[in-house]
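Chain naming here is simple, since letters A, B, ... match the order of the sequence lines and numbering starts at 1 in each.
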Amino acid sequence: MIIFIDDEPEFISPYTDAFRFSGFEVKIIDDVDTAWNLIEKNTDEVDIVILDIMMPPGRLFDSHDTKEGLRTGLQFLELMKNLDERIPVVCLTNADTRSFPKISHSNHFIYEKKDIDPWKLVDKMSDIKRRKKI
Amino acid sequence: MTKDQVLHDIISLYKSNAPINDKIERTLNLLNQAVPCQAASIFLFDEYGGCLKLMKGTNIKKSIKIPSFESDSPLWKMFESDKPKKIANRQIKGAYPTTDVFFENIPTVKTIAFSPIFNAKNNRIGVIRLLNKIKDEENFSYFIDSDLITLDSFANVIGALFTISTLQSRYEAFLDSVTHELLAPISGIKNDGFFMRRVATQSDLRNNQDLQEAFNSKIEDIIGFSKQAIALIQGLTMYTQSGRMSQADLILKPSHLFKHIIDKSRGSLTPLLVSRKFKHDAIRCFNRSQWPLLNLDRQIFRQVFNNILSNSIKYAHGDKSAFNILIELETLRNGDVIITIQDYGIGLEKDEADKIFDPTFRGKNARAKVTTGTGIGLTTVRNLLLAHETKIVVTNLKNPTEFTITIPKKYVIRRRNDHIYR
């Protein structure tokens, strides 16, 4: 299952549809609280998490420094690293990622611009999923 | 170190990206070098975080004159959130009757007192005192006049630098928001194009109904996203014009147009409602048939309602099926027309009602809920309505949040059978 977490799901339908028509099971969640609840309880079923960065912090990150929501996704990424480093996470964002912390320790965590060709993202994720299985 | 060198260092410091705490600490240290502090220097932060003013006079008790303002300064917020350990809570006799005095040792300066002070109107005013040795609370006569002049001019420089950096950061935050708001629909359009190109060139649409539906929905998305991007650009244009718009700029058209305005706004916001999983008919009108005819600038009022309604939708929460926006028009006895717009969204806090129309305001609840938005929507609304001599106020904070717009009777078209005018 591929989980998309984005508070503006209307803008990511090209991605969710491209994954769906490529044979992936896709789940779209528009808030971090629900998303974390689902992932934590179904870790084994989650293949990849595709994560927006600028999102409302929800209850989950109420007391965290999300820069008023501008960096909520980065906090979520940290949770994912601690939960299970084997679940790949793609931070799909329109924000300028140059100021973001470098993700160097694993190919499982990547930043992608939100204007990447949806089919290219599908190819990339298919590769990651294949490698993960090996 | 000469005073010129100190001033130069202060300017460099404020041009740097040093954290605010460092700036404060190093400023105090530099000031202490310029004017070895014998007693007290006082700086006030104005509502924009700048314009620090030194309280002049060798005897504070006699010279104190505090202007009326609330401090919204980042410095003040820092003091509020990170108050130094309270070692003493002393009343400085006669000078600041409502002052709590806090002390903390900072290595570069011997002692600093942070002192929240309330003026006659009970507004808080941020104050730093740089203290070396206040032993005698009755006597503050340690400064010589040249020290005061130096500190005063330094304080003005620091105030100006603060103002510049505050404006700069607001400008950058605004550009960030606009960029994000514009990139979202434009990237959406681009991605729809990528999706459709692959589908059109590599798939047989006729044999895959699902894919055909997805393809068609992308066409609608492209139209919707384009409208959204255009609306944002128009909103920005309107914002830049709205501040200087006057009655002479209005293009008034008498008609049933108010209903058309609402219908147009409802139509253009339906995709947003649907995409956020609200009911497509969540925007409702009361007593439409009874609505008076108004003589208004169509473009301006469309922008006004678009901004108000889209704001309500963006900040809506809770049960999505129960979310409604209710619009009602009512003619008052004096002939003015009031429009009320109620929404069951995120609500406002008591102290936010007056500030909601300020360009950089974002409600406490909104901060936690929504991150995007340029923040200029309601400012534009207020400015545009002012050109119509029309007021907008918040008449209820939450459940529902209610805006009331009062349109003067000169914009109301008289009807023969209208009982008000009989």
Residue A/Asp31 versus chain B: region with a heavy atom under 4.5 Å: neither
Interface residue of largest heavy-atom contact number with chain A, from B/Gly188, B/Ser187, B/Gly224, under 4.5 Å: B/Ser187
Atom of A/Lys113, atom of A/Ala95 and distance for their closest heavy-atom approach: NZ-O, 2.9 Å
Chain A contact via B/Asp221 - which portion, at a heavy-atom distance below 4.5 Å: side chain
Cationic N near anionic O, under 4.0 Å, B/Lys218 to A/Asp17: yes
Per-residue contact mode, A/Tyr15 against chain B (heavy atom under 4.5 angstrom): side chain
Distance-only donor-acceptor check, side chains B/Gln212 and B/Asn208, under 3.5 Å: no
Part of A/Ile116 lying under 4.5 Å from any heavy atom of chain B: backbone
Trace of the side-chain contact (heavy atoms from CB on, under 4.5 Å) decision for A/Thr66 with A/Met55: CA-CA 9 Å; A/Thr66 61; A/Met55 284 189 289; over 6 Å; no
Pairing of A/Asp127 and A/Arg130 as salt bridge, 4.0 angstrom limit: yes
Side chain, backbone, both or neither of A/Phe11 within contact of chain B (heavy atoms, under 4.5 Å): both
